[in-house]
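Throughout, a chain's letter reflects where its sequence line sits, starting with A, and its residues are numbered from 1.
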2 protein chains.
Amino acid sequence: MEAAEIHFADRGFEGTSVRDIAETAGVNLAMINYYFGSKEKLMEAMFARRSAYMTLQLETILANREMGPMEKLETLVDQYINRLLNQPCFHRIMIREQMMNSNHMITEQILQMKRTNSNLTRALIAEGQEAGVFRQNVDMGLLMATLVGTVGHIVSTQHFYREMNDLGEMTEDEFRNHIRGKLSSHIKAIFKAILSNED
Amino acid sequence: MEAAEIHFADRGFEGTSVRDIAETAGVNLAMINYYFGSKEKLMEAMFARRSAYMTLQLETILANREMGPMEKLETLVDQYINRLLNQPCFHRIMIREQMMNSNHMITEQILQMKRTNSNLTRALIAEGQEAGVFRQNVDMGLLMATLVGTVGHIVSTQHFYREMNDLGEMTEDEFRNHIRGKLSSHIKAIFKAILSNED
DNA sequence: TTGTTTAAATCAAACATTTGTTTAGTTTTG
DNA sequence: CAAAACTAAACAAATGTTTGATTTAAACAA
């Protein structure tokens with residue numbers, strides 16, 4: 001699954017052959033169909049594995065009684081950024097898969113994930129509105145699109161961001177930490193500007 | 001090229017066969033190689049055609065002497081949104097192609113486009129900073145990522161945004177206009193919050 | 001400790017499609 | 001008539017998948 005993830009991430013599902021996956025995984029070609037049934041089911045297994053932890057994280061934040069709404073939202077932002085930076089391959093696949101309706105099972109899985117996530121987030125925002133710290137009339141879809149879109153775009157076009165800011169000599173790790181901080185404060189500033197009820 | 005665009009947009013380059021393109025275009029299979037040379041060159045031709053107008057638009061704004069920096073930036077935002085909403089297929093292809101390094105020619109073409117665009121935008125921001133209306137220390141890469149990422153994400157996952165906001169019964173056109181307005185004010189608000197020098 | 005058995009794991013090879021591309025011939029057009 | 005436009009058919013390569021044989025590993029009995 002890890003080998004598949006790497007290839008799917010930078011050649012796409014249709015762009016990678018089962019032979020490529022088998023080779024980098026160091027296993028015989030037939031083993032993939034033996035264990036997963038098909039190339040498609042391999043990807044489904046990959047998705048099932050990865051998306052398991054996602055919702056859990058969000059629920060834990062929401063249940064926390066020591067954080068205020070804005071603090072929760074900021075934690076949510078940081079967690080999302082971390083998740084993307086830690087599993088860039090999987091997220092690149094997800095971003096791409098979201099925009100193609102090829103595999104029903106997977107689009108459905110993504111949709112389900114987004115539904116629960118947006119319900120939880122909606123609850124969080126409502127909590128903040130009742131507490132009077134969040135503005136009314138918030139378009140949550142746009143807000144989430146800004147989070148997911150901005151972070152996803154940076155992660156999937158790192159090379160360009162590096163070139164643009166002369167960060168070419170940073171190691172992978174250095175850059176990850178650098179961009180983590182930048183993204184975090186950038187998105188938080190946006191969220192605060194759009195949500196905060198202080199003007 | 002239009003037939004190719006449609007297919008590339010929702011199955012990906014590797015996911016669509018030359019036969020599919022030929023069929024929806026209503027031409028003989030061999031014609032595609034006859035006129036374009038190869039499947040890959042067909043895509044390159046597509047990119048060349050579409051990206052021709054892009055930079056021009058931006059240059060026209062920048063040269064305008066009647067608009068202030070913030071007004072120019074807002075026009076830029078609206079133009080980008082309009083471009084994406086008017087050619088959603090092409091932009092979905094571009095978004096996807098940006099994150100795969102399969103075709104050298106095309107990644108180079110996209111990179112070039114981004115370079116000139118970001119140089120022009122950088123000039124615009126510098127203009128605003130000198131005029132004192134824009135804050136110093138602006139991370140233009142993040143700002144552009146927010147524009148491109150947010151709009152791109154909404155366009156490529158329309159169906160989800162519709163479901164989330166109960167807009168399922170809108171026609172394609174109605175939704176396009178609806179989301180155009182929403183996106184426009186959302187992004188402008190963000191830009192103003194991050195750039196504006198008023199606090 | 002032995003040898004035997006059995007099911008799972010692994011493999012190389014083959015299979016049937018699909019793929020992008022080319023060819024050789026036909027039709028159309030100026 | 002000649003060049004361009006077009007076509008059906010064929011081609012070679014790559015693809016996902018299956019097959020049938022072989023190896024491994026564990027369970028079991030003597």
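Of the candidates dT19(C), dC11(C), dA8(D), the closest approach to any side-chain atom of N28(A) belongs to dC11(C). Minimum atom distance to the side chain of A30(B) is reached by dT23(C), of the listed dT23(C), dG20(C), dC11(C). With dC11(C), dT10(C), dA5(D) as the choices, the nucleotide that has an atom nearest any side-chain atom of Y34(A) turns out to be dT10(C). Among the nucleotides dG20(C), dA5(D), dG16(D), the one closest to any side-chain atom of Y35(B) is dA5(D).
What separates CD of E14(B) from P of dA13(D) is a distance of 20 Å, to the nearest Å. Atom C1' of nucleotide dG20(C) and atom CE of M43(B) are separated by 15 Å, given to the nearest angstrom. Across the protein-nucleic acid pair, N33(B) atom CG and dA24(C) atom C1' stand 16 Å apart, rounded to whole Å. For the pair F36(A) CZ and dT17(D) P, the computed distance is 13 Å after rounding to whole Å. Counting to the nearest Å, the P atom of dT15(D) and the NZ atom of K39(A) are 9 Å from each other. The CE-C1' distance, from M31(A) to dC11(C), rounds to 7 Å in whole Å. Separating the CZ atom of R19(B) from the C1' atom of dT21(C) is a distance of 9 Å, rounded to the nearest angstrom. Between the CD atom of E23(B) and the C1' atom of dG20(C) there is a distance of 17 Å, given to the nearest Å.
A donor-acceptor pair under 3.5 Å links the side-chain atoms of S118(A) to the main chain of R115(A), judged by distance alone.
With no hydrogens or angles considered, no side-chain donor-acceptor pair links N119(B) and T116(B) at under 3.5 Å.
Across all strands shown, dG30(C) is found opposite dC1(D) as a Watson-Crick or G-U wobble partner, with both distances under 3.5 Å.
Between N165(A) and D139(B), the closest side-chain pair of non-hydrogen atoms falls below 4.5 Å.
Within the nucleic acid shown, I32(B) has no heavy atom closer than 4.0 Å to any nucleic acid atom.
Summarising the local packing, CD of E174(B) is surrounded by more than 12 heavy atoms from other residues, nucleotides or ligands at distances under 6.0 Å.
Taking the six-membered ring for Trp, F90(A) and F47(A) have ring centres closer than 6.0 Å.
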